[in-house]
Amino acid sequence: MKEGWFIMKNAFNLIEYKNGYSASDETFQCLYCEQQYMVDEIVALDEKLVTARHAIKKHLIDQHGGPLLGLLSQTKEQLGVTQTQKDILVLFA
């Protein structure tokens, strides 16, 4: 699936957009791709064992440039802004 598939399927709250992932009782799910981790999962990452929350945050930085750039990588239609507005927002990111 292409990037942005997940953001269009669901309505997220502002905290989730700020974080770049949604959290349920069972999973942490990236808003911009299919990556998810089980809440109680311990993940081997960069030769360390980390929590699932840490792993999803690292994923967002490594794969999407962070929560804000992940959001701004969506199409202008998905964001609900003009191309000029999107270009200006990207400059501030």
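Please read these numbers as outputs of a predicted model, since none were measured by experiment.
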Given Asp25 and Val39, is the side chain to side chain contact (heavy atoms under 4.5 Å, CB included) satisfied, shown in steps? CA-CA 7 Å; Asp25 290 340; Val39 168; over 6 Å; no
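Contact record, Gly70 with Ser73: O-OG, 2.6 Å, taken as the closest heavy-atom pair. The heavy-atom pair separating Leu60 from Gly20 by the smallest distance is CD2-O, 3.4 Å. The minimum heavy-atom distance between Pro67 and Lys18, with the atom names listed, is CB-O, 3.2 Å. The two atoms that bring Ile56 and Gln35 nearest to each other are CD1-O, 4.0 Å, heavy atoms only.
One finds the NE2 atom of His64 at 11.5 Å from the CG atom of Leu71 (value rounded to the nearest 0.5 Å). Annotation: the span from Glu34 atom CD to Gln29 atom CD amounts to 8.0 Å, rounded to 0.5 Å. Between Phe28 atom CZ and Arg53 atom CZ the span is 3.5 Å, to the nearest 0.5 Å.
Both Leu79 and Leu89 belong to a single network of hydrophobic side chains, linked directly or stepwise wherever heavy atoms of I, L, V, M, F, W or Y lie under 4.5 Å apart. The cluster map of Ile, Leu, Val, Met, Phe, Trp and Tyr, joined by side-chain heavy atoms under 4.5 Å apart, puts Leu69 and Tyr17 in different clusters.
Residues meeting the side-chain contact (heavy atoms from CB on, under 4.5 Å) test with Leu91, sequence neighbours left out: none. Residues passing the side-chain contact (heavy atoms from CB on, under 4.5 Å) test with Gln83, sequence neighbours excluded: Lys76, Lys86, Asp87. Checked against side-chain contact (heavy atoms from CB on, under 4.5 Å), Ile42 has the following partners two or more places apart in sequence or in another chain: Leu49. Judged as a side-chain contact (heavy atoms from CB on, under 4.5 Å), and not counting sequence neighbours, the contacts of Ile15 are Asn13, Asn19.
Residues Lys57 and Tyr21 form a side-chain contact, since some pair of their non-hydrogen atoms from C-beta on lies under 4.5 Å apart. Between Cys30 and His59 the shortest side-chain heavy-atom distance falls below 4.5 Å.
For residues 59-71, every residue pair satisfying the salt bridge (charged side-chain N to carboxylate O under 4.0 Å, His left out) rule, not counting sequence neighbours, is listed here: Lys58-Asp62. Pairs passing the ring-ring contact (aromatic ring centres under 6.0 Å, His included) check and including a residue from residues 34-54, sequence neighbours excluded, do not occur.
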